[in-house]
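One-based numbering along the sequence shown.
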Amino acid sequence: MILEKVWQWLTDGVNWSGPNGIPMRLQEHVIYSLLTVLIAAAIAIPLGTWIAHTGKGKWLVTAANAARAVPSLGLLFVAAMFAGPRLSGDLAYTAPSIVVLVILAIPPIVAGAYAGVSEVDPAARDAAKGMGMTGGQVFTRVELPNALPLIFSGLRSATLQVIATATIAAAVSLGGLGRYLIDGLAQSKYEVMVGGSLLVALLALAVDLLFALIQRTVVSPGLTGRSGRRSARSQRKALEATGSAR
C-alpha cells in the first residue's frame with residue numbers, strides 16, 4: 001500500500017514542477033554537496049598528502065579521525081544557532097550548514113590522502129631519488145600518482161556522507177531533497193518521506209558510479225589490478241586458442 005502511494009507521488013507531474021518540485025530540490029542537493037566536497041577536498045588533500053610526505057603533524061590525522069565521532073545533527077543545530085543571528089537572508093541557513101558539512105567531509109579525505117602517500121613502496125621513492133629527483137618531483141611524479149586509488153576512496157566516502165548528511169541539514173532550512181523528509185514527517189505523509197529517501201539513495205548511487213568511472217579513467221590500471229586481470233584474460237585466451245589449434 002505504501003509502495004503504491006510512493007509510486008503515485010513519484011509519478012505525479014505536480015511534484016516535478018515549481019520551486020518545490022523534485023528537479024529543483026535535486027539541483028539544490030547536488031549544488032550543496034558538490035560545493036561542500038570541493039571545499040573539503042581543497043583543504044584535506046593537500047593537508048593529508050603533506051603530512052604523509054613530510055611526516056610532520058601526524059596528530060592532525062588522529063584528530064581528523066576523532067572528529068568523525070561528532071554527532072552531525074547536534075553540530076548543525078549549534079552552528080545554525082551561533083551563525084544564524086549574525087547573517088541575513090538565505091546565507092543565515094546555508095552558510096552554517098555548508099561549514100558543518102565541510103567539517104564532516106574533511107576526515108575521510110585526509111585519511112585517504114595520508115594513507116595513499118604513506119603506503120607508497122619505499123623502494124619506488126628510493127629509485128626516484130636515485131635518479132636525481134628532488135623532493136617535490138618525488139611527490140608529484142611518484143607519491144601522488146600511486147596514492148590516487150586511496151585518495152579517490154576517501155573522496156567517495158566523503159561524498160556519500162555529505163549527500164546523506166545534507167538530508168539531515170534540511171532540518172535547519174538548508175533545502176534540497178531532505179525537505180521531503182522534514183515536510184513529510186510534519187504532515188504525516190509517509191509516502192513523501194519514503195519517496196524523498198529513495199531519491200537520495202539514487203543520487204548517492206549515481207554519484208558513486210560517476211566517481212568509479214572517473215577513477216577508472218584517471219588511475220593507472222597497474223594500481224587498480226586491472227592490468228593484471230587483463231593480462232590473465234589474454235593469457236587464458238591465448239592458451240584456449242593454442243589448445244583449439246592443436
Side-chain angles (χ1 to χ4, degrees), residues 1-40 68-84 87-105 107-109 153 155-214:
M1 187 67 178
I2 184 67
L3 292 179
E4 183 180 350
K5 288 185 176 179
V6 171
W7 178 253
Q8 289 176 353
W9 181 79
L10 286 172
T11 55
D12 190 343
V14 175
N15 297 322
W16 289 84
S17 61
N20 296 323
I22 292 173
M24 186 59 68
R25 293 300 186 195
L26 179 63
Q27 179 181 327
E28 290 174 349
H29 209 100
V30 170
I31 290 174
Y32 296 145
S33 301
L34 180 62
L35 180 63
T36 299
V37 173
L38 286 176
I39 296 173
R68 298 189 190 198
V70 175
S72 308
L73 188 57
L75 193 59
L76 278 167
F77 276 113
V78 170
M81 290 173 60
F82 177 78
L87 301 172
S88 60
D90 292 339
L91 199 61
Y93 302 108
T94 56
S97 300
I98 294 296
V99 170
V100 171
L101 291 176
V102 168
I103 292 173
L104 296 174
I109 303 177
S153 177
L155 281 171
R156 291 170 72 170
S157 176
T159 303
L160 294 180
Q161 182 174 355
V162 167
I163 290 175
T165 309
T167 305
I168 301 174
V172 292
S173 303
L174 179 65
L177 294 172
R179 288 306 318 170
Y180 293 128
L181 276 71
I182 304 300
D183 296 341
L185 179 63
Q187 301 169 9
S188 298
K189 293 183 176 179
Y190 300 114
E191 68 275 14
V192 178
M193 296 179 65
V194 176
S197 301
L198 185 61
L199 291 172
V200 173
L202 290 175
L203 175 61
L205 288 174
V207 171
D208 195 51
L209 177 61
L210 178 62
F211 263 110
L213 292 174
I214 295 173

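With sequence neighbours excluded, the residues that form a side chain to side chain contact (heavy atoms under 4.5 Å, CB included) with Ala212 are Arg156. With sequence neighbours left out, the side-chain hydrogen bond (donor to acceptor under 3.5 Å, both in side chains) criterion links Arg25 to Asn20, Glu28. Every side chain to side chain contact (heavy atoms under 4.5 Å, CB included) that Ala204 has, sequence neighbours left out, goes to Leu160, Ile163. With sequence neighbours excluded, the residues satisfying side chain to side chain contact (heavy atoms under 4.5 Å, CB included) with Pro107 are Ala64, Ala67, Arg68. Not a single side-chain hydrogen bond (donor to acceptor under 3.5 Å, both in side chains) links Asp12 to another residue, sequence neighbours left out. Every side chain to side chain contact (heavy atoms under 4.5 Å, CB included) that Phe77 has, sequence neighbours left out, goes to Leu73, Ala171, Val172.
Taking OG from Ser153 and CD1 from Ile109, the interatomic distance works out to 11.0 Å, rounded to the nearest 0.5 Å.
No side-chain heavy atom of Val100 sits under 4.5 Å from any side-chain heavy atom of Ser72. Residues Leu76 and Pro96 fail the side-chain proximity criterion, which asks for heavy atoms closer than 4.5 Å. Between Leu210 and Ile214, the closest side-chain pair of non-hydrogen atoms falls below 4.5 Å.
Here the closest heavy-atom approach between residue Gly178 and residue Ala170 is recorded as C-CB, 3.3 Å.
Among residue pairs with one or both ends in residues 182-214, none qualify as ring-ring contact (aromatic ring centres under 6.0 Å, His included); sequence neighbours excluded. Among residue pairs with one or both ends in residues 1-11, none qualify as side-chain hydrogen bond (donor to acceptor under 3.5 Å, both in side chains); sequence neighbours excluded. Pairs of residues two or more places apart, or lying in two chains, never qualify as ring-ring contact (aromatic ring centres under 6.0 Å, His included) while including a residue from residues 156-177. Applying the side-chain hydrogen bond (donor to acceptor under 3.5 Å, both in side chains) test to pairs two or more places apart or on separate chains, none has a residue in residues 161-170. Applying the salt bridge (Lys or Arg N to Asp or Glu O under 4.0 Å) test to residues at least two apart or on different chains, the pairs with a partner in residues 180-201 are Arg179-Asp183.
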Determine, step by step, whether Asn15 and Leu10 satisfy the side-chain contact (heavy atoms from CB on, under 4.5 Å) criterion, reporting the C-alpha distance in whole Å, the side-chain angles of both residues, the deciding distance to 0.1 Å, and the verdict.
CA-CA 7 Å; Asn15 297 322; Leu10 286 172; over 6 Å; no
Between Leu26 and Leu199, is the side-chain contact (heavy atoms from CB on, under 4.5 Å) condition met? List the steps.
CA-CA 8 Å; Leu26 179 63; Leu199 291 172; over 6 Å; no
Can I get a per-line list of side-chain donor-acceptor pairs under 3.5 Å for residues 30-38, giving both atom names and the distance, sequence neighbours left out?
unit_1: Tyr32; atom_1: OH; unit_2: Leu174; atom_2: O; d: 3.1
unit_1: Ser33; atom_1: OG; unit_2: His29; atom_2: O; d: 2.8
unit_1: Thr36; atom_1: OG1; unit_2: Tyr32; atom_2: O; d: 2.7

